[in-house]
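Here the structure is laid out as structure tokens; the discussion comes afterwards.
Heavy-atom basis, side chains included; hydrogens, waters and symmetry copies ignored. Convention: sequence-line order gives letters A, B, ...; per-chain numbering from 1.
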2 protein chains.
Amino acid sequence: MPPLDFDSHKIEHLADLKSPQCRNCDIVREIAFCADLSHDEVKRLAAVRCHATLPASFTVFREGDLVDHVYSISNGAVKLYKLLPDGRRQIIGFLFSGDIFGLGTNDGYCYTAETITATQVCRFTHRKLDSLLDEIPRLERRMFNMAVKDLVAAQEQMLLLGRKTAREKVATFLVKLSMRAERAGQPGSPVALPMSRADIADYLGLTIETVSRTFTQLKRDNIIGLPDSGHCVLNDWQALKELAEGA
Amino acid sequence: MPPLDFDSHKIEHLADLKSPQCRNCDIVREIAFCADLSHDEVKRLAAVRCHATLPASFTVFREGDLVDHVYSISNGAVKLYKLLPDGRRQIIGFLFSGDIFGLGTNDGYCYTAETITATQVCRFTHRKLDSLLDEIPRLERRMFNMAVKDLVAAQEQMLLLGRKTAREKVATFLVKLSMRAERAGQPGSPVALPMSRADIADYLGLTIETVSRTFTQLKRDNIIGLPDSGHCVLNDWQALKELAEGA
DNA sequence: CGAGGCCTTGATCCCAGTCAAGTGTCGTGG
DNA sequence: CCACGACACTTGACTGGGATCAAGGCCTCG
């Protein structure tokens, strides 16, 4: 919560690593937006990036801060949010391994980024990234596609926030988390809920109490199971899916 | 409303126009994403585009339709929306001159696009646009920046939908419309409201009745004036701005 | 063992939704 | 010219889903 400096944490210049199996490439390849680049292109990326491990609840940057870096999550979970002056909060997104954040206009970041769990990130300065984009056209295309994907997700979230009921919102949230986990090669159920009820509430446009009540209600209906507040078993995928789609 | 075919309307291949002042370039230059391209680059764009005038309430494409074209608005107004099976609707955005739409993943458009007023658009096939992007790197950069801008706007809309009150939502809507009009060189007040109350409601996550009541309430407080339902005078910009920001 | 989080649950309240008229405007046809 | 219906918008009365207020339970950590 206090503005710990990013650099006060373990940051390694990848160039310093000299393991025989070219660990450089293995590690950098984890970064989503260079997943299909050539060996040489990955090397150029590696030269300009920094790696760091951040503790839980660490504020990476705040809304309005000068935009200087773009971040990529190697491991962990991050939430992005916007605040109103009186403290009302809207979480814009939960990010996990492979996601990037820190894009924005030139008048400051437009959201605050905070780790949920301990998180490994790597970062690039915007300046260096820009020159890389010029050098590697495929990288630019890839960034563009990621932005479009984010935009599509944001539009679905607008439908959720504007038109879905509490029950539908929670169902949608669980369905998407589960699908995301499967895409990452993890089981779709039980799904991990690393974020707090307050975070879920601020993501779905609800209150903590309503989120909690809705979870209990879905559990009572045997649609989900809650072994503990950090995990959720999806008992009835079909019912959840239908709820999520507003049927 | 009936699925009139796009091509049943006046569509002109720009290549067919041969006016002495190179109207080609003038017209194509209106297209936002090629605003700062060279003469030669504009020519290449012109060669692959189609121009059309569409009537009001014309469905350009539906959510789920095969993605084949990208559109740019020369003149007029368009709304993009998503539907739930039971008819609940969320308007994703209102677009005006200079805006583009039709980007999406390869599994169909993710929203429906419908004209509000009579609208002039030009369109490109995705296939041709892709090859253009390869030829003109600056175009790709520009498209990327537009996607990021859209993303930032979507995130602000999430804050509105999830956390603002009806009064704050309407104030935000009016402030943004006014600023948009000024950027387009039109007066910031009175601002035109070409869309219906139903459209405004579905954009702000409210009902028609609440939108109407909120307008009357703001009018009673002398914050706005409503000469007719299609125009809004912003009497107290300061008050509106503060409302919009949730102060 | 006690303090402080975080989560759940219950009781009550209120903002926005729903239902139901009523008003104004426009276009059509007698 | 007016009568009429269609449609969009407004207004009023009432309802209800989720917010607010208030405990209470259950961890973890010192």
* **Close residues, residues 187-196 of chain B, relative to DNA chain D [heavy-atom separation under 4.0 Å]** =>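 Residues of residues 187-196 of chain B that come under 4.0 Å of DNA chain D are, in numerical order, Ser196(B).
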
* Structure fact -> Here the residues of residues 167-178 of chain B within 4.0 Å heavy-atom distance, strictly under, of DNA chain D are none

Residues in salt bridge (Lys or Arg N to Asp or Glu O under 4.0 Å) contact with [X], at least two apart in sequence or another chain:
X: Arg163(B); result: Asp202(A)
X: Glu63(A); result: Lys82(A)
X: Asp199(A); result: Lys79(A), Arg89(A)
X: Arg88(A); result: Asp86(A), Glu168(B)

* Leu234(B) and Leu174(B): which non-hydrogen atoms are nearest, and at how many Å? ->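 So the two residues come closest at CD2-O, 4.2 Å.
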
* To do: Work out which heavy atom in Gly188(B) is nearest to a heavy atom in Ser178(B); give both atom names and the distance.
  => O-OG, 2.7 Å

In residues 146-161 of chain A, what donor-acceptor pairs under 3.5 Å come from side-chain atoms, sequence neighbours left out?
unit_1    : atom_1 : unit_2    : atom_2 : d
Glu156(A) : OE1    : Lys176(A) : NZ     : 2.3
Gln157(A) : NE2    : Tyr203(A) : O      : 3.1

* **Pair Tyr81(A) + Tyr111(A): ring centers closer than 6.0 Å** =>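 No, the ring of Tyr81(A) stays outside the 6.0 Å limit from the ring of Tyr111(A), centre to centre.
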
* Centroid separation Phe61(A) to Tyr71(A) less than 6.0 Å ->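 Yes - the distance between ring centres of Phe61(A) and Tyr71(A) falls below the 6.0 Å cut-off.
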
* Residues in side chain to side chain contact (heavy atoms under 4.5 Å, CB included) contact with Val175(B), at least two apart in sequence or another chain -> Met179(B), Trp237(B), Leu240(B), Lys241(B), Ala244(B)

* d(CZ, Arg163(B); P, dC15(C)) in whole Å -> 16 Å

* Asked: In residues 199-213 of chain A, what residues come within less than 4.0 Å of DNA chain C, judged by heavy atoms?
  ->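 Only Ile208(A), Glu209(A), Ser212(A), Arg213(A) qualify.
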
* Residue list, side chain to side chain donor-acceptor pair (under 3.5 Å) with Ser189(A), at least two apart or on another chain -> none

* **Nucleotides bounding contact with chain B, strand DNA chain D, heavy-atom threshold 4.0 Å** => dC9(D) to dA13(D)

* To do: List for me each residue that meets ring-ring contact (aromatic ring centres under 6.0 Å, His included) alongside Phe215(A), sequence neighbours excluded, and say none if there are none.
  =>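 Partners of Phe215(A) by the ring-ring contact (aromatic ring centres under 6.0 Å, His included) criterion come out as none, since no residue qualifies.
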
